[in-house]
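To keep things clear, I will list the structure first and then write my remarks on it.
Position 1 is the first residue of the sequence, and the numbers go up from there. Atom set for the values below is all heavy atoms of this structure, side chains included, hydrogens, waters and symmetry mates excluded.
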Amino acid sequence: MTLRRSMLFLPGSNAAMLSTAFVYKPDSIMFDLEDAVSLREKDSARLLVFHALQLPVYQDIETVVRINQLSTPFGLKDLEAAVRGGVDVVRLPKTDSAEDVHQLEAEILRIEKECGRKVGSTKLMAAIESAAGVVNALSIARSSERMIGIALAGFDYVMDMQTERGDGSELYYARCAVLHAARAAGIDAFDVVFSDLNDEEGFLKEVDLIKRLGFNGKSLINPRQIELLHNAYAPTQEEVDYAKRVVAAAAEGERQGLGVISLNGKMIDAPIINHAHRVLQRADASGVRK
């Protein structure tokens, strides 16, 4: 089970950030070659990211590259650099249909074969940024065995819906659609960026909402948000203690060959046991909630 609470966006053109961002310890680092890079910096940013992917400091952290759309003059060049550089996950922006994913997958397969990389080792993430993408979320989520998650991108989505960011109600349907699609496909779901870095209370309120909905994590644009997010996703001591009792009871039941396992008079089934393991995994990563 890969923990993906935080995905930190880094502009591919910022050499200083590319060489030091690992110190902030997000679960995933996403090198952005799309919106965060101006047209005149596209080529230099691509080269910077290619070299950053091979730095030893990034070998123990999941790396993601957001490429430009394949329909642009930059998309295929970005993909070549990302796959040949050894990226873990390619993030496809503005994914509207499963066909977008199939086109990307075919190019990745070609590049893997050409550069000698293990076929299938490059994973995918689709960014849902439009009404069409939300409507097609399930087919997108199920479009490839390489797919590890789908992410909702709030700004482009609300622009497409002819509205604007507000109290979160404008995103509620899209969040639910993306989340249900991810769960039906057995992959992860990532929530939108919270762009007001000075509104810590608002950020934590949104994190509480998406955690209760069931999102695995959130895209971030500033390292200051990482610790806040990880702490919010950390379990309480009470949750940890209960999870340990569930896991212990399950292990004892398995040892005894019991068909039905109970704890304090309540039956423990597979979903409860799996949830307990997830709680303990988050505790190992984040500690107990402060």
Side-chain angles (χ1 to χ4, degrees), residues 1-2 4 7 9-10 12 18 27-37 42-43 45-55 58-130 132-153 178 181-190 216 219:
M1 232 177 353
T2 302
R4 296 187 176 101
M7 182 177 301
F9 277 56
L10 295 179
L18 294 186
D27 292 328
S28 303
I29 285 186
M30 196 195 75
F31 304 115
D32 189 8
L33 294 174
E34 195 210 14
D35 289 345
V37 179
K42 293 291 188 185
D43 292 337
R46 187 183 308 115
L47 186 60
L48 285 171
V49 168
F50 173 77
H51 289 295
L53 288 168
Q54 298 169 73
L55 293 174
Y58 287 122
Q59 299 310 303
D60 295 326
I61 188 169
E62 184 173 64
T63 54
V64 184
V65 171
R66 179 166 75 167
I67 65 171
N68 286 273
Q69 289 179 283
L70 293 182
S71 58
T72 70
F74 315 108
L76 192 54
K77 294 178 182 178
D78 294 344
L79 188 62
E80 291 272 359
V83 176
R84 293 176 187 274
V87 73
D88 295 314
V89 183
V90 173
R91 175 160 163 156
L92 180 64
K94 301 174 178 61
T95 311
D96 287 340
S97 69
E99 182 53 42
D100 294 337
V101 178
H102 295 156
Q103 181 185 2
L104 176 66
E105 188 176 36
E107 294 292 352
I108 289 177
L109 177 61
R110 173 187 60 78
I111 299 168
E112 285 177 338
K113 289 180 176 179
E114 288 179 359
C115 70
R117 183 169 174 174
K118 182 181 177 182
V119 170
S121 61
T122 310
K123 303 305 179 182
L124 299 179
M125 177 189 305
I128 308 297
E129 307 187 33
S130 67
V134 169
V135 170
N136 294 324
L138 181 56
S139 62
I140 291 169
R142 289 176 167 171
S143 61
S144 171
E145 291 185 358
R146 296 176 185 264
M147 193 73 68
I148 59 94
I150 51 177
L152 180 62
V178 166
R183 292 295 170 262
I187 61 176
D188 289 346
F190 304 91
N216 295 85
S219 300

- Where Leu55 and Leu18 come nearest, the two heavy atoms and their spacing: CD1-O, 4.4 Å
- What distance do Asn68 atom CG and Lys77 atom NZ have between them, rounded to the nearest 0.5 Å? 11.0 Å
- Message: For the CZ atom of Phe190 and the CG atom of Leu152, what is their distance to the nearest 0.5 Å?
- Response: 12.5 Å
- What is the minimum heavy-atom distance between Met147 and Ala126, and which atoms define it? SD-N, 3.6 Å
- Message: I'd like to know if Arg146 and Glu112 make a salt bridge, using a cut-off of under 4.0 Å between side-chain N and carboxylate O.
- Response: yes
- Message: Please give me the minimum heavy-atom distance between Ala98 and Ile140, naming the atom from each residue.
- Response: N-CG1, 3.8 Å
- Identify the two heavy atoms, one from Leu53 and one from Gln59, that lie closest to each other, and give their separation to 0.1 Å. O-NE2, 3.4 Å
- Query: Looking only at heavy atoms, which two atoms of Leu70 and Leu104 are closest? And how far apart?
  - Reply: CD1-CA, 3.8 Å
- Okay, side chain of Asp27, backbone of Glu62: is any donor-acceptor separation there less than 3.5 Å? no
- Item | Sub-4.5 Å side-chain heavy-atom contact between Leu124 and Val90 | yes
- Message: Under a 3.5 Å distance rule, please check whether Lys42 uses its side chain to pair with a backbone N or O of Val37 as donor and acceptor.
- Response: yes
- About how many Å separate CG of Leu92 and CD1 of Ile150, when rounded to the nearest 0.5 Å? 12.5 Å
- Please report the closest heavy-atom contact between Met125 and Ile148, naming both atoms and the distance. CE-CD1, 3.9 Å
- Query: Hey, are Glu80 and Arg46 close enough for a salt bridge, meaning a charged N less than 4.0 Å from a carboxylate O?
  - Reply: no
- Message: Nearest 0.5 angstrom please: Gln69 CD to Thr95 OG1, how far?
- Response: 8.5 Å
- Residue set satisfying side chain to side chain donor-acceptor pair (under 3.5 Å) with Lys94, at least two apart, ordered chain then number -> Glu34
